[in-house]
Colleague: 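Got a structure here, written out as structure tokens. Questions coming.
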Amino acid sequence: ATLSRIAKEGISAFYEGKIAEQIAKAAQAYPNPGTLTIQDLASYKTARRPVICGPFREMKICTTSPPSSGGAQIMIAAIYDHLLTDTNTLEDKISAFVDAQRLAYADRDHYFGDPDEINIPLEGLLDPQYLRHRATERFGPSEASTPGDPGLVLGQNEIASLFATDTTEEATGTTHLSIIDGQGNAVSMTATIEAPFGTQRWAAGFLLNNEMTDFAREVIVNGNHPANAIAPGRRPRSSMSPTMIFDVDENILMVTGSPGGHSIPAYVAKTIIGVLDWNLSAQEAVDYPNIVARGDTVRVEISVEPGQTIAKNLKTRGYNVEERNDENSGLHVIVVRAESLEGAADKRREGTVGQITAE
């Protein structure tokens with residue numbers, strides 16, 4: 001009934017009237033009633049954000065701008081490349097992938113928030129000169145991860161101290177799909193209600209999201225606010241990273257994305273590096289053990305080969321490794337090959353690969 005009303009009456013049917021009343025009523029219900037009103041819904045405006053792109057070798061990575069975290073894909077790929085040498089083994093490359101994540105996550109966590117509310121130094125964070133320098137700040141395996149400062153590197157003012165340490169904790173209630181149609185149009189779409197079943201409250205036939213918990217858990221830290229601090233009218237940071245890769249002639253090479261809370265940047269980056277540098281097929285890249293290096297711990301999925309070997313090698317190099325039997329990725333990937341499209345879905349969830357032929 002809700003979908004029929006929206007199809008017939010348009011957007012106003014959702015943000016006003018009976019559906020809006022049911023949403024507000026559900027949000028205000030006990031226990032733990034919220035304060036969302038029908039006036040809040042009526043005044044809501046969708047924000048259109050520009051796509052951001054950055055170079056990776058001869059290719060181009062295009063993805064979502066803040067408050068989403070697509071920019072981490074550009075950062076991880078560039079830093080990873082700067083950490084490589086001509087003699088790298090696969091073990092060396094995995095170590096470089098770990099360190100590129102640690103560097104990029106530290107910057108993402110510290111600087112990303114709502115660009116309508118805070119001054120995010122996004123241009124500086126994605127500047128090739130900064131990313132080249134950031135790779136030289138590679139943390140030792142046992143060192144704590146800290147954010148860089150693009151302002152200082154690029155000859156501007158110091159900016160890292162403007163924001164307090166991030167205290168955000170993100171749950172996993174997200175989904176992703178990748179599509180390429182017969183005319184070559186492509187979609188990479190990630191959507192979320194934040195936690196499994198969102199707020200666990202129903203209204204007009206659907207679940208309400210739980211996005212408020214995507215803000216930093218502490219607003220004031222040492223007198224400063226985290227970039228992702230909560231405030232009226234502000235949108236929270238998201239880890240969603242729907243991404244497309246293009247070749248030098250602007251032809252699409254890859255469509256990728258995943259659910260998974262704060263692990264999304266790591267999951268998605270694994271497919272990009274796996275396909276474009278480790279020479280894996282789309283499915284091999286999706287199936288490969290997930291390696292999540294946010295903060296000072298490296299999570300390695302040991303239930304998937306060669307996860308146990310990867311964990312052992314990283315431990316030998318001095319990393320603080322947390323062995324995991326499962327990771328909640330739901331990767332959905334399309335790689336464009338010379339004569340065909342190669343699709344992959346994550347066996348860790350319920351995703352599928354399908355091809356529809358027009359009659």
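The analysis underlying the following values was restricted to heavy atoms, covering all of them including side chains, and did not include hydrogens, waters or symmetry mates.
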Colleague: Can you check whether L207 reaches T199 side chain to side chain, under 4.5 Å on heavy atoms?
Modeller: no
Colleague: How about CD on E123, more than 12 heavy atoms from neighbouring residues, nucleotides or ligands closer than 6.0 Å, or not?
Modeller: no
Colleague: For N251, does the CG atom have more than 12 heavy-atom neighbours from other residues, nucleotides or ligands under 6.0 Å away?
Modeller: yes
Colleague: Return yes when atom CG of N119 has more than 12 non-hydrogen atoms of other residues, nucleotides or ligands closer than 6.0 Å, and no otherwise.
Modeller: no
Colleague: Under 6.0 Å from the NZ atom of K312, do we count more than 12 heavy atoms belonging to anything else shown?
Modeller: no
Colleague: Do D109 and R294 meet the salt-bridge criterion of a basic N to acidic O distance under 4.0 Å?
Modeller: yes
Colleague: For D346, give me all partners under salt bridge (Lys or Arg N to Asp or Glu O under 4.0 Å), at least two apart in sequence or on another chain.
Modeller: R348
Colleague: Okay, side chain of R201, backbone of A29: is any donor-acceptor separation there less than 3.5 Å?
Modeller: yes
Colleague: Quick one: ring-ring contact (aromatic ring centres under 6.0 Å, His included) pairs with a partner in residues 19-72, sequence neighbours left out?
Modeller: Y15-Y44
Colleague: Does D166 pair with R237 as a salt bridge, N-O distance under 4.0 Å?
Modeller: yes
Colleague: Hey, could you give me each pair passing salt bridge (Lys or Arg N to Asp or Glu O under 4.0 Å) that has a residue in residues 246-255? Not counting sequence neighbours.
Modeller: K60-E250
Colleague: Taking only residues two or more places apart in sequence or in another chain, which ones pass salt bridge (Lys or Arg N to Asp or Glu O under 4.0 Å) with R134?
Modeller: D107, E137
Colleague: Can you pull out every ring-ring contact (aromatic ring centres under 6.0 Å, His included) where at least one residue sits in residues 154-207? Sequence neighbours excluded, please.
Modeller: F14-F206
Colleague: Any chance the side chains of T297 and N320 put a donor and an acceptor closer than 3.5 Å?
Modeller: yes
Colleague: Do R337 and E342 meet the salt-bridge criterion of a basic N to acidic O distance under 4.0 Å?
Modeller: yes
Colleague: What residues, two or more places apart in sequence or in another chain, satisfy side chain to side chain donor-acceptor pair (under 3.5 Å) together with E91?
Modeller: N313
Colleague: The criterion is salt bridge (Lys or Arg N to Asp or Glu O under 4.0 Å); which residues satisfy it with E339, sequence neighbours excluded?
Modeller: none
Colleague: Would you say D92 and T89 are linked by a side-chain donor-acceptor pair, where the criterion is simply a distance under 3.5 Å?
Modeller: yes
Colleague: Testing the 3.5 Å rule here: is there a donor-acceptor pair between the side chains of S161 and E158?
Modeller: yes
Colleague: Counting distance only, does the side-chain N/O of R349 pair as donor-acceptor with the main-chain N or O of N328 below 3.5 Å?
Modeller: yes
Colleague: With no hydrogens and no angle check, just 3.5 Å: does a side-chain donor-acceptor pair link T213 and E194?
Modeller: yes
Colleague: Can you list the residues that meet the side chain to side chain donor-acceptor pair (under 3.5 Å) rule with D214, with sequence neighbours excluded?
Modeller: none
Colleague: Indicate yes or no: at least one non-hydrogen side-chain atom of M254 is less than 4.5 angstrom from one of I334.
Modeller: no
Colleague: Decide whether S258 and S329 meet the rule of one side-chain donor and one side-chain acceptor closer than 3.5 Å.
Modeller: no
Colleague: When you compare the side chain of T64 with that of V51, does any pair of heavy atoms fall below 4.5 Å?
Modeller: no
Colleague: Between S238 (side chain) and S68 (backbone), is there a donor-acceptor pair under 3.5 Å?
Modeller: no
Colleague: Quick one: list whatever passes salt bridge (Lys or Arg N to Asp or Glu O under 4.0 Å) with D114, sequence neighbours left out.
Modeller: R49
Colleague: Checking side chain to side chain contact (heavy atoms under 4.5 Å, CB included) between I272 and each of I76, V333, T243, which is the one that passes?
Modeller: T243
Colleague: Is the shortest heavy-atom distance from the side chain of R5 to the side chain of K18 under 4.5 Å?
Modeller: yes
Colleague: Can you find a heavy atom in the side chain of Y111 that is under 4.5 Å from one in the side chain of P150?
Modeller: yes
Colleague: Taking the side chain as every heavy atom from C-beta outward, state whether I74 and T63 have any pair of such atoms under 4.5 Å apart.
Modeller: yes
Colleague: What do you reckon, is CG of L341 surrounded by more than 12 foreign heavy atoms closer than 6.0 Å?
Modeller: yes
Colleague: Heavy atoms, side chains only, cut-off 4.5 Å: are R138 and L83 in contact?
Modeller: yes
Colleague: Looking at K93 and L84, would you say the former's side chain and the latter's main chain have a donor-acceptor pair under 3.5 Å?
Modeller: no
Colleague: Taking side-chain contact (heavy atoms from CB on, under 4.5 Å) as the test, write out the residues that go with V187, two or more places apart.
Modeller: L177, I179, M189
Colleague: Any ion pair linking E322 and R299 (charged N to carboxylate O, less than 4.0 Å)?
Modeller: no
Colleague: Regarding S69 and R108, do their side chains bring together a donor and an acceptor under 3.5 Å, going by distance alone?
Modeller: yes
Colleague: Kindly indicate, with the supporting measurements, whether the criterion side-chain hydrogen bond (donor to acceptor under 3.5 Å, both in side chains) is fulfilled by T85 and N88.
Modeller: CA-CA 6 Å; T85 68; N88 280 148; 3.2 Å; yes
Colleague: Apply side chain to side chain donor-acceptor pair (under 3.5 Å) to S188 and list each qualifying residue two or more places apart in sequence or on a separate chain.
Modeller: none
Colleague: Less than 4.5 Å apart, any side-chain heavy atom of T175 and any of T190?
Modeller: no
Colleague: Indicate yes or no for a side-chain donor-acceptor contact from T2 to the backbone of A204 under 3.5 Å, with no hydrogens or angles considered.
Modeller: yes
Colleague: Give me each pair satisfying ring-ring contact (aromatic ring centres under 6.0 Å, His included) with a member in residues 254-284, each pair once, sequence neighbours excluded.
Modeller: F97-W278, W278-Y288
